[in-house]
2 protein chains.
Amino acid sequence: MPRQATGRKKEAILDAAVVEIASHGYHGTTVAMIARRAGVADGTIYLYFAGKEEILVSLFDRAMDRFTERGTDELAGLDDPVARLMRIIDLHLELVGGDRDLAIITQVELRHSLHFLDQLSRARVGGYLQAIAGVIAEGQAAGVWRRDLEPMFLAKAVFGVLDEMATDWVLSRRNTRLAARGDAVTRFVMGALRPTA
Amino acid sequence: MPRQATGRKKEAILDAAVVEIASHGYHGTTVAMIARRAGVADGTIYLYFAGKEEILVSLFDRAMDRFTERGTDELAGLDDPVARLMRIIDLHLELVGGDRDLAIITQVELRHSLHFLDQLSRARVGGYLQAIAGVIAEGQAAGVWRRDLEPMFLAKAVFGVLDEMATDWVLSRRNTRLAARGDAVTRFVMGALRPTA
DNA sequence: TGGTCATTAATGAATGACCATTCATCAACA
DNA sequence: TGTTGATGAATGGTCATTCATTAATGACCA
């Protein structure tokens, strides 16, 4: 059989997994289905992944890597905490809303077991929350945002709003763009962060 | 074998299912495990439920029934939209935080497939969101809350905050009470709903 | 240049474990 | 004695994973 550039098949397997898992769910997708769509033999999957579950982990890692990379780029030039947070909100919705199949996986399939969610949450989402909390703390220090609530609490609240919008969008059948909700989310969040009278 | 009052075994099976599914996940729990804990034979499960998945649906229905009943009671005496929304926030956190095993199921296990989440979401959570949106619309009409955002959007945002707090609590290992976050959530939400300057 | 050979990616049929569901049988009741 | 709730061993189907086999490649040598 022909040799392939090493990265090729791994990517092909991940791409196939996104499509299959998005439409049949993680447990409804067999390794054979993924192999078939990727154009490889069942056994080949095991040359690149230790098992079925590692495919799901890799999927999440790949998505988070892209997410983080893009975020770092986009925020590089912004100093103002208000501008930074607004950018985070728009970017979150834009990136999640950019690929419906992937969104189904991040919003639904990845959350299917306590052990799994716990692992992911701690590993990657925790860092994201820290980043948001950092921006909020800056805004508090600058005196533009309320200080009677902890930055980490506020970060979780903001994330909760974004995550709910994303999940709602995934479940809605109507053909809307998730990013279109950026303006409303921003208004809501900025309102919540205003200093109290 | 002795006859039981009809409801008894069904309840016992559901109670057993909560414990098993909370600790092993839905797919990691076998029907035999549930039967064993409930003190019935494997086959008995099928006298009360059409299949394994119906157990999960029934679990959610039972929880939502209790939730709704309690909510209706508690809100009966309150007219002021502000008081009503504050009560909803506290109640949500109190009820979800009252039973960790059940919380694991509502926050994690019930969301394991698009088809499933979609079904539940439309059937029961949709009604809950409508109720919150109704309270918000009242407050807007009374002039105490901002009117530049739709009631349903605001209801989803508030739900997102509550849901994130609940999930975060389920995943956290520290021994905190979920209801303790009611005050901070209320301050956040009330801040977000204030009329814009 | 052309002909071995060793190496390694890739294959896919076979394996074995797991588990939801069924149903022949049992035992308590009226 | 007929009815019915309950039992739990047996069944059948489904897959994740393995591994003996195949084939492409490059190294080496004449």
Side-chain angles (χ1 to χ4, degrees), chain A residues 1-61 105 109-110 112-116 119, chain B residues 1-61 105 109-110 112-116 119:
Chain A
M1 285 292 130
R3 298 280 178 86
Q4 295 273 348
T6 310
R8 274 283 171 63
K9 291 211 165 160
K10 190 163 187 173
E11 290 298 309
I13 291 166
L14 289 175
D15 290 341
V18 170
V19 177
E20 291 296 329
I21 294 175
S23 74
H24 305 107
Y26 176 67
H27 286 284
T29 300
T30 67
V31 171
M33 285 174 178
I34 297 172
R36 186 178 169 75
R37 177 173 292 272
V40 302
D42 298 10
T44 305
I45 301 265
Y46 293 86
L47 297 177
Y48 296 97
F49 302 95
K52 189 183 170 187
E53 182 148 318
E54 206 189 271
I55 299 175
L56 199 56
V57 174
S58 300
L59 229 45
F60 180 71
D61 280 341
I105 292 174
E109 300 302 333
L110 276 172
H112 66 156
S113 86
L114 183 60
H115 174 67
F116 205 81
Q119 208 180 333
Chain B
M1 285 291 131
R3 300 279 176 86
Q4 297 271 349
T6 309
R8 273 283 171 63
K9 289 208 165 159
K10 190 162 186 173
E11 290 298 309
I13 291 166
L14 288 175
D15 291 340
V18 171
V19 177
E20 292 296 331
I21 294 174
S23 74
H24 305 105
Y26 176 68
H27 287 283
T29 299
T30 67
V31 170
M33 285 174 178
I34 296 172
R36 188 179 167 74
R37 177 173 293 271
V40 301
D42 298 10
T44 305
I45 302 265
Y46 293 86
L47 297 177
Y48 296 98
F49 301 94
K52 188 184 172 188
E53 183 147 319
E54 206 190 271
I55 298 175
L56 199 57
V57 174
S58 299
L59 230 44
F60 179 71
D61 280 341
I105 292 173
E109 301 301 333
L110 277 173
H112 66 156
S113 85
L114 184 60
H115 175 68
F116 204 81
Q119 211 179 332

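When reading the values below, keep in mind they use all heavy atoms of this one structure, side chains included, and skip hydrogens, waters and symmetry mates. Keep in mind that this is a model prediction, so the values were computed, not measured.
- In this structure, the CZ atom of A/Phe49 is 15 Å from the P atom of D/dA16, given to the nearest Å.
- Whole-Å rounding puts the A/Glu54 CD to D/dA16 C1' distance at 14 Å.
- Remark: DNA chain D takes part in the stems C:1-30 with D:1-30, each of 3 or more antiparallel Watson-Crick or G-U pairs, criterion distances under 3.5 Å.
- The side-chain contact (heavy atoms from CB on, under 4.5 Å) check on A/Ser23 picks up nothing, with sequence neighbours excluded.
- Distance CG (A/Leu47) to P (C/dT8): 13 Å, rounded to an integer number of Å.
- Annotation: ring-ring contact (aromatic ring centres under 6.0 Å, His included) contacts of B/Phe116 (sequence neighbours excluded): B/His112.
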Taking only nitrogen or oxygen atoms into account, show me every contact under 3.5 Å that the protein makes with nucleotides 20-24 of chain C, one pair per line with its distance.
from	atom 1	to	atom 2	distance (Å)
C/dA20	OP1	B/Lys52	NZ	3.1
C/dA20	OP2	B/Val31	N	2.7
C/dT21	OP2	B/Tyr46	OH	2.8
C/dT21	OP2	B/Lys52	N	3.0

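- For B/Asp15, the side-chain contact (heavy atoms from CB on, under 4.5 Å) partners at least two apart in sequence or on another chain are B/Arg62.
- Taking 4.5 Å as the limit, some side-chain heavy atom of B/Leu14 sits within range of a side-chain heavy atom of B/Phe49.
- Of all the residues in residues 12-19 of chain B, not one reaches under 4.0 Å from DNA chain C with any non-hydrogen atom.
- Between the NZ atom of A/Lys10 and the C1' atom of C/dA10 there is a distance of 16 Å, rounded to whole Å.
- Residue pairs meeting the salt bridge (Lys or Arg N to Asp or Glu O under 4.0 Å) criterion with at least one member in residues 46-58 of chain A, sequence neighbours excluded, do not occur.
- Listed here is the closest heavy atom pair of B/Ala12 and B/Ala38: O-CB, 3.7 Å.
- A/Ala32 is linked by a side-chain contact (heavy atoms from CB on, under 4.5 Å) to A/Thr30, A/Asp42, counting only residues two or more places apart in sequence or in another chain.
- If you measure from atom CD1 of A/Ile34 to atom P of D/dT17, you get 11 Å, rounded to the nearest angstrom.
- Atom CD1 in B/Ile45 sits roughly 12 Å away from atom C1' in D/dT7 (whole-Å rounding).
- By the neighbour-count criterion of 12 heavy atoms within 6.0 Å, atom NE2 of A/His27 is densely surrounded, having more than that number from other residues, nucleotides or ligands.
- B/Ile55 has its CD1 atom 15 Å from the P atom of C/dC19, to the nearest Å.
- Every residue meeting the side chain to side chain donor-acceptor pair (under 3.5 Å) condition with A/Glu20, not counting sequence neighbours, appears here in chain and number order: A/His24, A/Arg37.
- For the pair A/Arg36 CZ and D/dC15 P, the computed distance is 15 Å after rounding to whole Å.
- With sequence neighbours left out, B/Tyr46 forms a ring-ring contact (aromatic ring centres under 6.0 Å, His included) with no residue at all.
- B/Lys9 has a side-chain polar atom (N or O) that falls below the 4.0 Å cut-off from OP1 or OP2 of D/dA6.
- Taking all atoms of both residues into account, the shortest heavy-atom contact from A/Ile21 to A/Thr29 is CA-OG1, 3.5 Å.
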